[in-house]
Amino acid sequence: MAYYHCSPTAGLKVLEPRKPASFEKPARVYMTTLLPMALMYTVQNYEYTYGYTKEGQIYLDEYFPNALELLYRGKSASLYLCAPQHTASTPIPNEAVSETALPILSETYIPDACEALLEQQRLGNLVIRRYHELPEKMLHWIRKVEAEEIRKKNLLRTPGPMADYYRTHYPESWEMVEKEQNEAGE
């Protein structure tokens with residue numbers, strides 16, 4: 001079976017097991033059988049914003065206004081195809097991992113990840129749910145979840161790219177956590 005792996009790094013000949021930069025996962029080669037899912041990994045992001053409908057259709061949610069364009073527009077990547085002998089499945093649908101390095105069968109240059117995702121939407125392989133179309137209940141849930149991430153990762157007291165990302169894209173969640181900590185005298 002063929003698997004996709006997408007990376008902002010071009011010219012790889014072998015996929016080496018790596019620990020994801022933003023998630024608490026072990027070092028593995030992470031890959032998928034779904035092209036749209038692979039394309040979502042053209043950028044190194046701090047969160048998962050995709051899921052599956054009851055019917056098994058993959059979707060990408062914009063968790064903040066214009067997220068698709070802000071995260072993916074103008075970002076190039078390489079889409080790698082590999083055919084490992086042995087894989088293990090993960091709790092994430094259509095994802096597989098390998099503990100060992102994998103040779104690459106082919107590489108396809110993706111000049112603009114946003115355009116590639118929009119093409120998958122046009123082909124019916126991906127549903128993109130825009131921020132302004134999400135119901136208020138979903139927006140409330142996003143604010144709550146992002147506030148929890150800010151708390152859990154102690155981002156108010158841990159400056160850097162991740163804190164900047166959350167402060168910029170989730171100002172309501174950031175302010176909520178700031179207010180809680182100010183009221184608690186922290």
Side-chain angles (χ1 to χ4, degrees), residues 1-64 66-130 149 153 160-166 168-169:
M1 176 178 268
Y3 290 89
Y4 297 107
H5 176 91
C6 209
S7 171
T9 305
L12 298 176
K13 302 299 179 206
V14 174
L15 297 175
E16 298 284 345
R18 301 223 188 284
K19 183 178 178 339
S22 302
F23 301 103
E24 296 299 320
K25 290 182 167 186
R28 302 281 188 274
V29 175
Y30 291 85
M31 56 202 144
T32 179
T33 55
L34 287 182
L35 177 57
M37 185 174 162
L39 291 170
M40 289 181 223
Y41 288 96
T42 57
V43 298
Q44 303 294 320
N45 199 0
Y46 299 110
E47 58 199 340
Y48 291 112
T49 61
Y50 68 88
Y52 295 87
T53 65
K54 292 176 187 167
E55 297 78 28
Q57 172 68 54
I58 191 168
Y59 62 85
L60 171 66
D61 282 344
E62 282 193 319
Y63 274 23
F64 55 86
N66 299 313
L68 181 68
E69 283 77 14
L70 290 171
L71 294 174
Y72 293 97
R73 176 74 60 205
K75 303 288 181 16
S76 63
S78 287
L79 179 68
Y80 295 103
L81 190 65
C82 58
Q85 301 270 332
H86 305 285
T87 63
S89 59
T90 73
I92 298 173
N94 304 300
E95 183 181 66
V97 295
S98 173
E99 293 184 17
T100 61
L102 301 173
I104 292 169
L105 300 176
S106 66
E107 175 182 4
T108 303
Y109 177 68
I110 308 294
D112 187 305
C114 184
E115 287 303 318
L117 288 165
L118 290 171
E119 177 64 13
Q120 288 301 301
Q121 180 184 38
R122 283 189 289 277
L123 294 171
N125 299 329
L126 174 66
V127 173
I128 299 173
R129 302 188 317 189
R130 300 297 186 147
E149 284 299 303
K153 294 176 178 161
M162 185 181 284
D164 294 343
Y165 176 87
Y166 278 88
T168 300
H169 297 302

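Predicted, not measured: the structure shown is a model, and the values here were computed from it.
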So do P84 and Y3 actually touch side chain to side chain, heavy atoms under 4.5 Å?
yes

Just by distance, with hydrogens left out, do E95 and T90 show a side-chain donor and acceptor under 3.5 Å apart?
yes

Tell me yes or no: between the side chains of N94 and Y52, is some donor less than 3.5 Å from an acceptor?
yes

Counting N and O atoms only, with roles assigned by atom type, does the side chain of T168 sit under 3.5 Å from a partner on the main chain of Y165, one being a donor and the other an acceptor?
no

Donor-acceptor contact below 3.5 Å, side chain E107 vs main chain G11:
yes

Derivation and outcome, side-chain contact (heavy atoms from CB on, under 4.5 Å), residues I104 and V14
CA-CA 6 Å; I104 292 169; V14 174; 5.7 Å; no

Are side-chain N/O atoms of T53 and E55 paired as donor and acceptor at under 3.5 Å?
yes

Looking at Q121 and L126, would you say the former's side chain and the latter's main chain have a donor-acceptor pair under 3.5 Å?
no

Determine, step by step, whether T108 and L81 satisfy the side-chain contact (heavy atoms from CB on, under 4.5 Å) criterion, reporting the C-alpha distance in whole Å, the side-chain angles of both residues, the deciding distance to 0.1 Å, and the verdict.
CA-CA 8 Å; T108 303; L81 190 65; over 6 Å; no

Closer than 3.5 angstrom, by distance alone: can the side chain of H5 be matched with the main-chain N or O of L15 as a donor-acceptor pair?
no

Taking the side chain as C-beta and beyond, is there a heavy-atom pair between C114 and L68 under 4.5 Å?
yes

Closest non-hydrogen contact found for Q57 with V127 is CG-CG2, 3.7 Å

One pair to check against side-chain contact (heavy atoms from CB on, under 4.5 Å): E47 and E149. What are the steps and the verdict?
CA-CA 9 Å; E47 58 199 340; E149 284 299 303; over 6 Å; no

Between E115 and Y72, is there a side-chain donor-acceptor contact under 3.5 Å, judged purely by atom types and distance?
no

M31 to V97 - nearest heavy-atom pair and separation:
CE-C, 3.7 Å

Evaluate the side-chain contact (heavy atoms from CB on, under 4.5 Å) criterion for residues Y80 and C6: first the C-alpha distance (whole Å), next the side-chain angles of each, then the deciding distance (0.1 Å), finally the verdict.
CA-CA 6 Å; Y80 295 103; C6 209; over 6 Å; no

One should read off an interatomic distance between R130 CZ and I128 CD1, to the nearest 0.5 angstrom, of 5.5 Å

Do any N or O atoms from the side chain of E62 and from the backbone of A67 form a donor-acceptor pair under 3.5 angstrom?
yes

